Number of protein chains: 2
Amino acid sequence: MDTSKQNTASQILDTLTNDIIQGEFLPGEKLQIKTLKDRYKVGTSPIREALSQLIAKDLVVSENQKGFYVSNISIDDLTDIYQARSKIEGLCLDMAIKKGDDFWESKIIAASHLLAKYSKSENIDMSEWQNRHFSFHEALVSGCDSPRLFQIRQSLYEKSTRYRNLWLQENVTNYEALQANQNEHVALMVLVLERDSISAQKLIEEHIMTPVEMIKKNLP
Amino acid sequence: MDTSKQNTASQILDTLTNDIIQGEFLPGEKLQIKTLKDRYKVGTSPIREALSQLIAKDLVVSENQKGFYVSNISIDDLTDIYQARSKIEGLCLDMAIKKGDDFWESKIIAASHLLAKYSKSENIDMSEWQNRHFSFHEALVSGCDSPRLFQIRQSLYEKSTRYRNLWLQENVTNYEALQANQNEHVALMVLVLERDSISAQKLIEEHIMTPVEMIKKNLP
DNA sequence: TAATTAAATAATGTCGACATTATATAAAAT
DNA sequence: ATTTTATATAATGTCGACATTATTTAATTA
């Protein structure tokens, strides 16, 4: 698909997706057609087409003749998403370790350096830290050449991000937690470069599950 | 969502999904709005909303101002889907083995019996065999209580079905292949009931990958 | 006053119309 | 004859209108 010249529906989809993930629209909130039309200054069709795609992505639910609502959140769902995500990440990492080449290794080392340097720095801007964190994990699994697994990974990441954002809004970063986190990253890289798939898989699963308990406690 | 009183868009989605998976519309085929309106006797909106959902489900692609097309197929995509499917099925089975109770075990034994009996029978109706085959595999993973993993499993199954249908149309079933297949089912059940997760996972992955080579050769 | 019913208001889901863009056809040029 | 340009045709994507269904408000009853 050509993304340079999108149609209105696609633009609305991107914006709405973002607005939901960023918590602009809260879980369970009604998405009234008229409100959305006014907000985004477009007609009925693009709104409904975007909402249709969001239904397929599980970010929106609809009831016939009653309209559209942002998908609800729950502790069970949070746990399920993170658990599934950790397993999928494990699969991706396993495949990456089995198929990754020199170029893949170098990408990991580069990304790790960027993350390590920033984690040690004085004033940490969380947005920048998240970029580097994201890139590091992306690098780890980049050797996995399964488009479908990647797509699943991305979709679950998106869903988990919504939960994380609902939590982050009211929480500042904890320095010690960040350092513990960073130690795991280094350990992870070592295991991956040693091609120790079993241990790496185990660690990445634990790593991803780490924030779950904290998010649970802080869920609105 | 209430499925008893669906709206037009949802009905069209179901029908269209089926028509694509069953090969009523072929890979790469253009899905012209007017044609679909005439075929299903509805207006523009429900058609476009259904197509929007199919885009999110990867069964349809669209290009701005050029319209909608059934997603293309390829050997690479076929392989990727089956590979991802086998891994996901492995995850589901692993979790089922770890969490399954007596009731789950009995469901497996019951489904296995139905499949075994039918596989030995004289005149095998493939549609009925597929039902029982499906139910057996469903029973195996039914102990897995992760909605998300199940959803991913279902989504990949749907995609693989399209490939299988494109192949099945021109192929009759091979008796020996069916018996070999059936032997695997029995072995699988034994491993699962013994709670031998590692071996069961290995076998299910191979089991799912079995038809890939044959489908490859017969792809249109 | 609380519960029930009726009327009024508002929202949803579907439709056909229309402007814009792409494609097919015909005319002109090399 | 082939390429290029101009014209005609067709399809897409968006819009507001409207019938249908839900929700709110007011009126009626117990």
Side-chain angles (χ1 to χ4, degrees), chain A residues 1-20 23-72, chain B residues 1-20 23-72:
Chain A
M1 190 181 67
D2 184 68
T3 48
S4 56
K5 275 191 178 178
Q6 284 183 114
N7 57 19
T8 316
S10 303
Q11 288 174 265
I12 299 294
L13 171 65
D14 291 345
T15 315
L16 248 178
T17 303
N18 216 54
D19 284 350
I20 290 173
E24 200 77 23
F25 294 110
L26 294 174
E29 187 172 345
K30 169 127 202 197
L31 297 168
Q32 202 163 288
I33 304 287
K34 179 154 189 341
T35 311
L36 298 174
K37 279 169 67 170
D38 292 347
R39 182 184 175 119
Y40 301 121
K41 306 271 182 278
V42 292
T44 309
S45 311
I47 296 286
R48 291 188 60 93
E49 286 172 28
L51 288 171
S52 297
Q53 296 211 43
L54 285 168
I55 288 175
K57 283 168 112 192
D58 287 318
L59 288 173
V60 165
V61 293
S62 80
E63 226 176 322
N64 188 27
Q65 296 290 7
K66 294 201 179 168
F68 300 85
Y69 299 82
V70 178
S71 291
N72 264 309
Chain B
M1 190 182 66
D2 184 66
T3 48
S4 57
K5 274 191 178 181
Q6 286 183 108
N7 58 19
T8 315
S10 303
Q11 288 175 264
I12 298 294
L13 172 65
D14 291 345
T15 315
L16 209 46
T17 303
N18 217 55
D19 284 350
I20 290 173
E24 200 77 20
F25 294 110
L26 293 175
E29 187 172 347
K30 169 129 202 196
L31 297 168
Q32 202 163 288
I33 305 286
K34 182 159 186 339
T35 311
L36 297 174
K37 279 169 66 170
D38 293 347
R39 182 182 174 118
Y40 301 121
K41 306 269 183 281
V42 293
T44 309
S45 311
I47 296 287
R48 290 187 62 92
E49 286 173 28
L51 288 171
S52 298
Q53 297 212 41
L54 285 168
I55 288 174
K57 284 168 111 193
D58 288 319
L59 288 173
V60 164
V61 294
S62 80
E63 226 175 323
N64 189 27
Q65 296 291 6
K66 292 202 179 168
F68 300 86
Y69 299 82
V70 178
S71 291
N72 265 310

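Predicted model, so just to flag it, every value in this text is computed and none were measured. Excluded from the calculations below are hydrogen atoms, water molecules and symmetry mates; all remaining heavy atoms, backbone and side chain alike, are included.
A 4.0 Å heavy-atom criterion places the boundary nucleotides of DNA chain C facing chain A at C:dA11 to C:dT14, written 5' to 3'.
Summary of the strand contacts: A:T8 and A:Y69 both lie near DNA chain D, and taking for each the nucleotide with the nearest heavy atom, the more 5' one is attributed to A:T8. A residue-by-residue look at B:K34 and A:Q65 shows that B:K34 has its nearest nucleotide of DNA chain D further toward the 5' end.
Scanning for side chain to side chain donor-acceptor pair (under 3.5 Å) contacts around A:T17 gives an empty result, with sequence neighbours left out. Scanning for side chain to side chain donor-acceptor pair (under 3.5 Å) contacts around B:E49 gives A:R48, with sequence neighbours left out. Contacts of B:K37 classified as side chain to side chain donor-acceptor pair (under 3.5 Å), with partners at least two apart in sequence or in another chain: B:T44. For A:T15, the side chain to side chain contact (heavy atoms under 4.5 Å, CB included) partners at least two apart in sequence or on another chain are A:D19, A:Y40. A:E29 is linked by a side chain to side chain contact (heavy atoms under 4.5 Å, CB included) to A:F25, A:L26, A:V70, counting only residues two or more places apart in sequence or in another chain. Take B:K30 and apply the side chain to side chain donor-acceptor pair (under 3.5 Å) test, not counting sequence neighbours, and it matches no residue. Residues satisfying the salt bridge (charged side-chain N to carboxylate O under 4.0 Å, His left out) test with A:K34, not counting sequence neighbours, are A:D38.
Nearest heavy atom pair, residue B:A50 against residue B:A9, reads CB-O, 3.9 Å.
The terminal axes of the helix from C:dT1-D:dA30 to C:dT30-D:dA1, fitted over 5 pairs per end, subtend an angle of 10° to the nearest 10°.
Within the nucleic acid shown, B:K30 comes within 4.0 Å of sugar-phosphate atoms alone, with no base atom in reach, counting heavy atoms only.
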Mind running side-chain contact (heavy atoms from CB on, under 4.5 Å) on B:Q11 and B:V42 for me, showing each step along the way? CA-CA 11 Å; B:Q11 288 175 264; B:V42 293; over 6 Å; no
Going through the checks in order, is the side-chain contact (heavy atoms from CB on, under 4.5 Å) test met by B:L16 and B:L51? CA-CA 8 Å; B:L16 209 46; B:L51 288 171; 3.8 Å; yes
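DNA chain D is contacted by A:V42, A:G43, A:T44, A:S45, A:P46 of residues 38-50 of chain A, taking any non-hydrogen atom closer than 4.0 Å.
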